[in-house]
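In what follows, a structure is listed as structure tokens, so that the remarks can point back to it.
Proteins get letters first, then strands, A, B, ... in listed order; numbering begins at 1 in each. Only heavy atoms go into these numbers, but all of them, side chains included; no hydrogens, no water, no symmetry mates.
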Amino acid sequence: MGKVSMAVDFAGIKLKNPINTAAGTFGQGWQFMNFMDVSELGAITTKGCAAEPWPGNPKPRMTEVPGGMMNSVGLQNPGVRAFAEESGPYLADLTDKGTAVICQVAGHSVEEYVAALELFDELCPWAAAFEINVSCPNISAGGAAMGSTPEGAAEVMRACRPVTKKPLLVKMAPVRLPEIARALEAEGADGLTVINSIPGMAIDVHTRRSKISRPTGGLSGPLLHPIAVRMVWEVCQAVDIPVCGVGGVMTGEDAAEFILAGATSVAVGMASFVDPAASVRILHELEEWAESQGVSSINELIGAFEC
Amino acid sequence: MGKVSMAVDFAGIKLKNPINTAAGTFGQGWQFMNFMDVSELGAITTKGCAAEPWPGNPKPRMTEVPGGMMNSVGLQNPGVRAFAEESGPYLADLTDKGTAVICQVAGHSVEEYVAALELFDELCPWAAAFEINVSCPNISAGGAAMGSTPEGAAEVMRACRPVTKKPLLVKMAPVRLPEIARALEAEGADGLTVINSIPGMAIDVHTRRSKISRPTGGLSGPLLHPIAVRMVWEVCQAVDIPVCGVGGVMTGEDAAEFILAGATSVAVGMASFVDPAASVRILHELEEWAESQGVSSINELIGAFEC
Amino acid sequence: MHDVTVVSNEPIADGVYALVINAPKLAQTIKPGQFVNIAVPGNAMSLLRIPLSYASADAEAGTVEIWYAVVGDGTERLSQMKPGAKTDLLGPGGNGWTIPEGCRRALLVAGGIGVPPVLCLARELAARGIPYTVSIGAASKGCLVGEDEFEAAGAPVISVATDDGSYGYHGFCTAAAEQVLELEGGEFDYVAACGPEPMMAKVAAAAAKAGVPCEVSLERMMSCGFGACSTCAVETTSGMKGACMCGPVFNAEEVVW
Amino acid sequence: MHDVTVVSNEPIADGVYALVINAPKLAQTIKPGQFVNIAVPGNAMSLLRIPLSYASADAEAGTVEIWYAVVGDGTERLSQMKPGAKTDLLGPGGNGWTIPEGCRRALLVAGGIGVPPVLCLARELAARGIPYTVSIGAASKGCLVGEDEFEAAGAPVISVATDDGSYGYHGFCTAAAEQVLELEGGEFDYVAACGPEPMMAKVAAAAAKAGVPCEVSLERMMSCGFGACSTCAVETTSGMKGACMCGPVFNAEEVVW
Ligand SMILES: Cc1cc2nc3c(=O)[nH]c(=O)nc-3n(C[C@H](O)[C@H](O)[C@H](O)COP(=O)(O)OP(=O)(O)OC[C@H]3O[C@@H](n4cnc5c(N)ncnc54)[C@H](O)[C@@H]3O)c2cc1C
Ligand SMILES: Cc1cc2nc3c(=O)[nH]c(=O)nc-3n(C[C@H](O)[C@H](O)[C@H](O)COP(=O)(O)OP(=O)(O)OC[C@H]3O[C@@H](n4cnc5c(N)ncnc54)[C@H](O)[C@@H]3O)c2cc1C
Ligand SMILES: Cc1cc2nc3c(=O)[nH]c(=O)nc-3n(C[C@H](O)[C@H](O)[C@H](O)COP(=O)(O)O)c2cc1C
Ligand SMILES: Cc1cc2nc3c(=O)[nH]c(=O)nc-3n(C[C@H](O)[C@H](O)[C@H](O)COP(=O)(O)O)c2cc1C
Ligand code: FES
Ligand code: FES
């Protein structure tokens, strides 16, 4: 541990450092056990999960694109009950070790979001917070279909807010961010996770078909990074609630850009596929950078971008 | 020349082939004279130009990002009069050689767009069409500030439509595309150019300042490509007027993706900086691909993506 | 994560290379049917690892041999790695073959670049003294791999087929397998197949008809290779299962083709 | 566009390399102060070319010598190019120095990696028999370049300065130039400077005060290098001008600092 205090308060959750993991790219945490000490991280966010199991989309679900990848997993998940049973013990233990566990909530409709959140609140007492995913680009109902207008996103938040006393975060789609962020803040969101993957398209020009099973998929990886930094900056100027920056973080400097743009925490996504221990490496690099900036706490660097 | 007919009708302009150049990346055409035979192209689009000269933004105006670049030129231009005088003879000659010249129109307000378009219509009789830029991310008034809502974009189009009898195209910002495209079609746009660069941000984490002179800039290059293909596909489904696909085209296959997604023409941007003859190379590669598809005309491939 | 060094990397057929890497721990632990997920440097725009089965492991020499087809940018870059080049890989990943208890005789079917995991299995069967017969296929003679190695492992290769008839039987390797299963299915306790998915589906159907347990090794686009991303899902009769953790080898009866 | 081959590529000071390339046509046509825009392979995520001045051209040998500082990923990759490596470049680009008609004596000021274009100019002056004096600077002794070459070109090097005082005068090379201009400005008909922008601004101011015509070579972030993108604009008294076409050498009076 260096001399800089890395602890941050994110949406009422005390994190020992700002590094989090992006939902859907870190499984339920235990998949990384053999590669790193997961409990070094400030938080992990688990794969989006609904009240009932979802099968996800047909194969192929992934294709590489220059500078990133495109997926159409479609929120395959075992349902909250199975999730809590299978991963609960590991995640409760992780919580005990001081790493906040944020559980992501999926749904096809307002009712489904509420149902999932009710189950989560009941079955996952160890959870530090819940993150509502109104931004998945790979499902036909719910996700981005609901979260891409201020009205749609607010409606989900309004229904979910009374369900739990725990902090509620919202994973945002990469569209109309300042407006939607303000609407979510007004409905009582405690924090915002910015951004979910940007919808893209990759056509095999020989077969004239999509390289994945749906016409479009969600893009991840370095190609998103400058776009995501801009979006985080815009959201941080629009609202007072804290933001977790996500998108193409491969290095500590990438994470530092989010911090400077105003993010209180930063989630590592696709990088964990390339290098399973990327998140801890990025944490250490971020800490080194903070030291190089001559501050005593990382908090001094949040939003320290000078226009 | 191969066996496939490459001619297309784009917004009432007869193009000998679908390859166009993206505004601001091809100067006024003559800059490429020593590198290639510009008259091989179906069309060129000239740098955005306003009624009066604009100085553009302070330095630095550009930074590289992984998989692309980010600029904040800010539509520096000499004004339509100087443009017509300096580049008119070359562009008139290019028109005679069968390459359509599309002149891009810039403005800070509805009045300025109209003023610029009036001058263009008068001073550039050789122009095949005019493209209204309501999507520049690097200026504080006009550009994307006007074109990012259906109302704003429609207002500009409504004012410009009566000014010229020539085809009017609109260069679109990468936001709310289907809605805005429908609004533009309703106001009489003849074609749409999709997309302008996506706003991004690149922070020097040591100085904590932007790597360019403004906090945000416009991203170009391969990193945009899968996003742009998706946006073109969405616009093509939303409107009946033809679309020119732009964003990260480096190869004939990249261009082919736009064609399959429904674009009638394809513009080459940043690739021309990397390889000044990229546009003709891409034309030849596109032609080879069309041949490989066993069609007699490229028109058979427009929108031939199979879901 | 294993740091590995290329020992050799040579073409063994048209568009197919054999890569030998130095990876002592891996060589001791990897089991037939498992895979590695290898980083291939050289293109900053291409970030993900490449999942590859292995053809043989030499625990004493500390080496693992992989056979791969050059099909795109990643495998093209892999083919350019010279002896001495260093990289890293994740593995062993997934579950390998499960030879049934008391198996008397096995039928192996391998198509194209599906040969390597089947070859590992053959060697394992040979080591356990279980006889087996093999049917292999390839698009053409030029890209056929494994014939000599299966011979050397001790199998009476019952048939070699090529799609274009340039060598062996003109047609698919499934034909021979289907025939064997129909005529003498009762002699087999285990069928194992790897190759193009339609081929495995055919073999699975024939095995089911003959009442012989069958395993298949499936390929999916993988992002992580260790259970974190769900991009590798296989539809099974008991729901979606990840190819990287529950597979790549699946009980064929379980697979929804 | 010129296809070029690396002849040699060796460090000549701390973090500074000399690259010699085989480029016969370029060697015949490039003029002092002009630049090339070179493609540096090896990182698919980094697409743009790198603009570089040249230090000398040998029309007979068909080679061009470039001095560059390793400051980031692109120049780092360039430093790894081995003799025999091939790439391509655009050039010659821009306008070079304009030695005034009837020039009796010139004052040259070069800071850091601003030395190469000034060195070219020195050789041109020497060839035309015009005497000149030179003031060069660097951050420290270790990264100083050009001293020997200026000597060899025939200049009485009036001063060498280092920011850290590790060699020569402790301070900026502008100090000597300012002094010369103040004391004996009347003897000069031409001042030429290349280096960090604040340094050039100082020299320009001193030259203006002494009434001596001054040219400066400016750097801008360039995307194309041939007038197509407007990213390289320099603010001048007569509006924005592209560094790649109207520069990189500008009349100092014209530049808005
Ligand atoms: C568990 C497993 C074991 C494998 N074992 C072998 C092996 O032993 N030898 C071998 O040659 N190949 C094997 N493969 C396939 C190999 O992973 C792909 O051929 C390789 O990733 C292609 O990479 P590329 O960049 O060259 O091709 P790309 O340009 O990415 O794609 C070329 C073609 O290969 C397909 N492809 C790409 N990635 C995968 C993938 N992860 N899984 C399946 N298909 C893919 C694409 O759909 C495309 O049609 C295996 C795949 C899996 C999942
Ligand atoms: C006309 C001209 C002539 C030049 N001549 C020389 C020369 O003879 N020798 C030499 O060492 N350098 C020269 N430069 C500067 C050289 O182009 C940059 O140092 C180089 O592009 C940096 O690339 P990089 O990828 O290593 O660094 P990056 O990682 O891209 O950047 C490192 C630093 O260099 C700066 N930089 C990057 N690109 C440029 C650019 N195009 N212009 C100015 N600064 C830049 C960045 O702002 C950053 O501070 C010249 C630049 C111009 C415009
Ligand atoms: C395979 C995969 C699955 C994902 N699943 C989810 C998910 O369940 N919920 C979610 O909000 N985001 C999901 N995402 C998006 C990521 O959380 C993240 O927002 C995105 O990948 C951008 O970050 P990155 O570039 O660092 O990967 C997924 C991304 C990938 C690659
Ligand atoms: C330096 C630069 C200047 C640009 N100027 C303009 C412009 O004047 N008008 C415009 O509509 N788009 C402008 N663009 C955007 C391009 O036309 C194009 O939409 C964008 O670069 C995406 O395409 P690409 O990835 O192929 O470059 C500019 C882009 C660059 C890189
Ligand atoms: S490849 Fe990631 S879960 Fe299987
Ligand atoms: S670098 Fe493109 S115009 Fe000068």
Side-chain angles (χ1 to χ4, degrees), chain A residues 63 65-70 137 148-149 174-176 198-211 214-217 219 221-234 237 248 250-261 286 289-290 292-293 301 304-307, chain B residues 63 65-70 137 148-149 174-176 198-211 214-217 219 221-234 237 248 250-261 286 289-290 292-293 301 304-307:
Chain A
T63 191
V65 296
M69 59 178 279
M70 193 168 83
S148 296
T149 62
V175 293
R176 302 177 71 173
I198 298 183
M201 207 163 160
I203 304 177
D204 180 323
V205 299
H206 304 294
T207 64
R208 307 183 197 172
R209 297 182 167 277
S210 173
K211 291 186 178 173
R214 290 164 60 96
T216 65
L219 296 163
L223 69 90
L224 295 189
H225 186 64
I227 303 176
V229 174
R230 186 259 303 176
M231 289 179 167
V232 163
W233 183 68
E234 287 175 347
Q237 288 174 300
M250 307 300 281
T251 66
E253 293 204 355
D254 295 335
E257 281 187 84
F258 277 127
I259 299 278
L260 289 170
L286 182 68
W289 168 74
S292 81
Q293 293 295 294
L301 295 167
F305 170 64
E306 291 167 31
C307 288
Chain B
T63 191
V65 297
M69 60 177 280
M70 194 168 82
S148 296
T149 61
V175 294
R176 303 177 69 174
I198 298 183
M201 207 161 159
I203 304 177
D204 181 323
V205 300
H206 304 294
T207 63
R208 307 184 197 170
R209 294 180 169 278
S210 173
K211 291 187 178 173
R214 290 164 60 95
T216 64
L219 296 163
L223 68 91
L224 295 189
H225 186 64
I227 304 176
V229 174
R230 187 260 303 175
M231 290 179 165
V232 163
W233 183 69
E234 287 175 348
Q237 287 173 301
M250 307 300 280
T251 66
E253 293 203 355
D254 295 336
E257 282 186 83
F258 277 127
I259 298 279
L260 290 170
L286 182 68
W289 167 74
S292 80
Q293 292 295 295
L301 295 166
F305 171 65
E306 291 167 29
C307 287

Seminar exercise, completed: Checking heavy-atom separations under 4.5 Å from chain A, one finds in residues 251-258 of chain B B:E253, B:A256, B:E257
Problem set entry | Most chain B-contacting option - heavy-atom pairs closer than 4.5 Å, from A:V205, A:V229, A:L223 | A:V205
Exercise. Of all heavy-atom pairs between A:M70 and A:V65, which one has the smallest distance, and what is that distance?
Worked result: CB-CG1, 4.4 Å
For this session: Examine whether an atom of A:S210 lies under 4.5 Å from a heavy atom of chain B, and if so say whether it belongs to the side chain, the backbone or both; otherwise answer neither.
Result: both
Problem set entry | Toward chain A, the part of B:I227 with a non-hydrogen atom under 4.5 Å | both
For this session: Begin from the C-alpha positions of B:T216 and A:W233 and carry the test side-chain contact (heavy atoms from CB on, under 4.5 Å) through to its verdict.
Result: CA-CA 10 Å; B:T216 64; A:W233 183 68; 3.8 Å; yes
For this session: Mind checking the CG-CE spacing from B:L224 to B:M69? Nearest 0.5 Å is all I need.
Result: 10.5 Å
For this session: Determine the option with the most heavy-atom pairs under 4.5 angstrom with chain B, choosing from A:R214, A:H225, A:H206.
Result: A:H206
Exercise. Just how far is it from atom CD1 of B:I259 to atom CG of B:L286, taken to the nearest 0.5 Å?
Worked result: 5.5 Å
For this session: Below 4.5 Å from any heavy atom of chain B, which atoms of A:A261 appear? Answer side chain, backbone, both or neither.
Result: both
Problem set entry | CD1 on A:I203 to CZ on A:R209, rounded to 0.5 Å | 12.0 Å
Exercise. Can you find a heavy atom in the side chain of A:P174 that is under 4.5 Å from one in the side chain of A:P199?
Worked result: yes
Exercise. So which of B:S148, B:P215, B:G67, B:C307 has the biggest tally of heavy-atom pairs under 4.5 Å with chain A?
Worked result: B:P215
For this session: Find out whether B:R230 and A:I198 are in side-chain contact, i.e. whether some heavy atom of one side chain is under 4.5 Å from a heavy atom of the other.
Result: yes
Seminar exercise, completed: Residues passing the side-chain contact (heavy atoms from CB on, under 4.5 Å) test with B:R208, sequence neighbours excluded, are A:L260, A:Q293, A:V295, A:L301, A:A304
